[in-house]
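Heavy atoms only: backbone and side chains are in, while hydrogens, waters and symmetry mates are out. For ligands, and for the atoms within them, numbers begin at 1 and follow the listed sequence.
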Amino acid sequence: MPIATINPATGQTIKSFDPASPGEVDRAIGLADQAFRSWRQASFADRAAIAGRAAGILDAERDDLAALMTLEMGKPVEEAKAEVTKCAKAFRFYAEHAEAALAPEEADAAPVGARRALVRFDPIGPVLAVMPWNFPLWQVTRFAAPNLMAGNVGLLKHASNVPQTALGFEGVLTRAGLPEGVFQTLLIGSDAVPGVLSDPRVRAATVTGSNAAGASVAEIAGAEIKKVVLELGGSDPFIVLPSADIDEAVAVGVKARCQNNGQSCIAAKRFIVHDAVAAEFQEKFVAAMRSLAVGDPMDPATRIGPLATEQGRDSVAEQVADAVGKGAGILCGGRLPDGPGWFYPPTVVTAITPEMRVFTEEVFGPVAQLYRVASAEEALELANATPYGLGSNVWTRDPGEQERFIRELDAGMVFVNGYTVSFPELPFGGVKASGHGRELGTSYGIREFCNIKTVWIS
Ligand code: NAP
């Protein structure tokens, strides 16, 4: 894949970059290794001052950074602005909470025969972050804000189609006063990842992306005995039961499916609706999907821009064609529009059966699958009948039903009468093929790349 900015709304190449040479990569790793020696000694107050300044720069430069993301990957510009604001919040959050999250924990010394026993959370060193293009600033912030506060240093291998956003992010941190080498963007293709991760100076890796990328990096990490956090794909259920507020479920469901042009790991992808409310939900949901404004992502009125890459758009079209070929129905959308750019219309697919690819695969575009079920049991069974287990959403006002779905949904996150969202305050991650490890939260994410060091003092 070329390292280049290619406008997905037009297909035009705007700017290309030469990948870093092996020598340049080696120098960057050396710099990271050196930088770690002093960064690990920096006080939380010093780190927090830099994180706070980074937040200020993100706020001040919100519109420019948002326009850059939209140019490179096509998300509606208003969503891009909200993403930048969210990144600023996360930097402030970790600036404020990292010290408490990583404060040494005193343990009960007497049973272990010590005068004092405690657990420390020490940084481990340079961490490689392999990141996707879909939330080009947020995904990197999720890694960078907690890890830099924890005293680790970052090497970013961003997706090849968002090089300018990657460099822009590094620039924000540099202008915030982050010392040289503490966070570096490596302009490299995925073929260079094994070499970086195999380098003994690189201590761990985190991957947010497809299962293929996750499996490939995890294989190397396994061979190298290095920790890896995997945030991979999802095919989240959005379950609507008879007691739900249907109008609200429809409005939230459309947003949950179509945010970021449908390219979100935690998008609601499979709508599982009880027979008692299925007709009403379908009619309102299809009408709402049809009404979304598709067009130029730089236009503030646009709700659906182009998909980020031609290959991504083609994959969605192939998955829908496969379903239709095997008997699925299309309630709206489903046809590639004429004209330039990699647009795909909001689409609702119904009459889905297990032999269709969409039943088990993640569909990364504005395509909702609509299933009908006769009972809560059937809804649960269908919701869990996926290789994935990232987010999940259930709509019911019945407390007993809520309790049951919270317990039995096989997913890393359950949202009741809402849709899956990431917050700095709450851990984020999945089970099954959606990966392992957690990001975010006041302790789980920030401790992933810490040495949980036991200290025993006689
Ligand atoms: P992708 O192709 O896996 O790309 C993600 C990153 O991995 C890019 O930097 C890519 O580099 C790199 N990469 C790809 N193949 C690799 C390999 N074999 N070895 C090492 N690195 C490799 O994913 P995508 O299609 O761009 O992103 C969408 C996927 O990410 C979806 O499945 C989505 O659900 C998932 N995602 C998950 C989360 C989460 O938190 N769970 C969040 C967002 C997205 P190149 O660009 O150079 O190929």
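With a heavy-atom cut-off of 4.0 Å, Ile3 does not touch ligand 1 at all. Looking at Ser216 against ligand 1, only its side chain comes within 4.0 Å, counting heavy atoms. Only the side chain of Val217 comes within 4.0 Å of ligand 1, counting heavy atoms alone; its backbone N, CA, C and O stay farther away.
Here the heavy atom of the protein found nearest to atom 46 (O) of ligand 1 is Ser160 N, 2.8 Å. Residue, atom and distance of the protein heavy atom nearest to atom 35 (C) of ligand 1 are Gly209 O, 3.2 Å. The closest protein non-hydrogen atom to atom 32 (O) of ligand 1 is Glu362 OE1, 2.6 Å. The protein non-hydrogen atom at the shortest distance from atom 48 (O) of ligand 1 is Met1 SD, 3.9 Å. The shortest contact between atom 28 (C) of ligand 1 and any protein heavy atom is with Phe364 CE2, 3.4 Å. Summary of contacts: the protein heavy atom closest to atom 25 (O) of ligand 1 is Trp133 NE1, 4.0 Å. Summary of contacts: the protein heavy atom closest to atom 15 (N) of ligand 1 is Ala213 CB, 3.6 Å. The shortest contact between atom 2 (O) of ligand 1 and any protein heavy atom is with Ser210 OG, 3.9 Å.
Test Phe415, Trp395, Tyr371 against Phe238 for ring pair (Phe, Tyr, Trp, His ring centres under 6.0 Å) and you get one pass: Trp395. The side chain to side chain donor-acceptor pair (under 3.5 Å) test with Ser422 singles out one residue from Lys86, Gln139, Glu439, and that residue is Lys86.
A salt bridge links Asp26 to Arg201: at least one charged side-chain nitrogen sits closer than 4.0 Å to a carboxylate oxygen. Salt-bridge check for Glu448 with Lys227: passed, with a basic side-chain N closer than 4.0 Å to an acidic carboxylate O. Looking at Asp59 and Arg92, a side-chain N of the basic residue comes within less than 4.0 Å of a carboxylate O on the acidic one, giving a salt bridge. Salt-bridge annotation for Lys75 and Glu83: present, with a side-chain N of the basic residue lying under 4.0 Å from a carboxylate O of the acidic one. At a threshold of 4.0 Å, the pair Glu355-Lys326 does not count as salt-bridged, since none of the basic side-chain nitrogens sits closer than that to a carboxylate oxygen.
Within the listing of ligand 1, atoms 5 (C), 6 (C), 8 (C), 9 (O) sit less than 4.0 angstrom from a heavy atom of Met131. Taking a cut-off of under 4.0 Å to the non-hydrogen atoms of Arg142, the atoms of ligand 1 that pass are 39 (C), 40 (O). Near Cys265, meaning under 4.0 Å from one of its heavy atoms, ligand 1 places the atoms 33 (C), 34 (O), 36 (N), 37 (C), 38 (C), 39 (C), 40 (O), 41 (N), 42 (C), 43 (C), 44 (C). For ligand 1, the atoms sitting less than 4.0 Å from at least one non-hydrogen atom of Asn134 are 43 (C), 44 (C), numbered in the order shown with element in parentheses. If you number the atoms of ligand 1 from 1 as listed, the ones under 4.0 Å from a heavy atom of Val130 come out as 6 (C), 7 (O), 9 (O), 12 (C), 21 (N). Below 4.0 Å from some heavy atom of Lys157 lie the following atoms of ligand 1, by number and element: 9 (O), 11 (O), 45 (P), 47 (O). Heavy-atom contacts of His158 reach the following atoms of ligand 1: 9 (O) (cutoff under 4.0 Å). Remark: ligand 1 atoms within the under-4.0 Å shell around heavy atoms of Gln139 are 42 (C), 43 (C).
Heavy atoms from other residues, nucleotides or ligands lying under 6.0 Å from CD of Glu381 number 12 at most. No more than 12 heavy atoms of other residues, nucleotides or ligands lie within 6.0 Å of NZ in Lys255, so this atom counts as exposed by the packing criterion. Few gaps surround CZ on Phe44; more than 12 heavy atoms of other groups in view lie less than 6.0 Å from it.
By the definition of a contact as any protein heavy atom under 4.0 Å away, atom 4 (O) of ligand 1 is not in contact.
With Val207, Val162, Leu440, Leu232 as candidates, the residue nearest to atom 37 (C) of ligand 1 on a non-hydrogen basis is Leu232. Atom 21 (N) of ligand 1 has its nearest heavy-atom neighbour, among Pro132, Ser235, Ser190, Pro194, in Ser190.
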Full working for salt bridge (charged side-chain N to carboxylate O under 4.0 Å, His left out) between Glu61 and Arg175: CA-CA 12 Å; Glu61 299 179 5; Arg175 280 177 287 135; 2.6 Å; yes

Audit row: Ile272, Val240, side-chain contact (heavy atoms from CB on, under 4.5 Å) steps and yes/no: CA-CA 6 Å; Ile272 299 171; Val240 184; over 6 Å; no

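Not a single heavy atom of Gln263 sits less than 4.0 Å from an atom of ligand 1. Distances shorter than 4.0 angstrom do not occur between any heavy atom of Phe135 and any atom of ligand 1.
Annotation: Phe183 is in aromatic contact with Phe169 [ring centroid separation under 6.0 Å]. Checked against the 6.0 Å centroid threshold, Phe271 and Phe285 count as a close aromatic pair.
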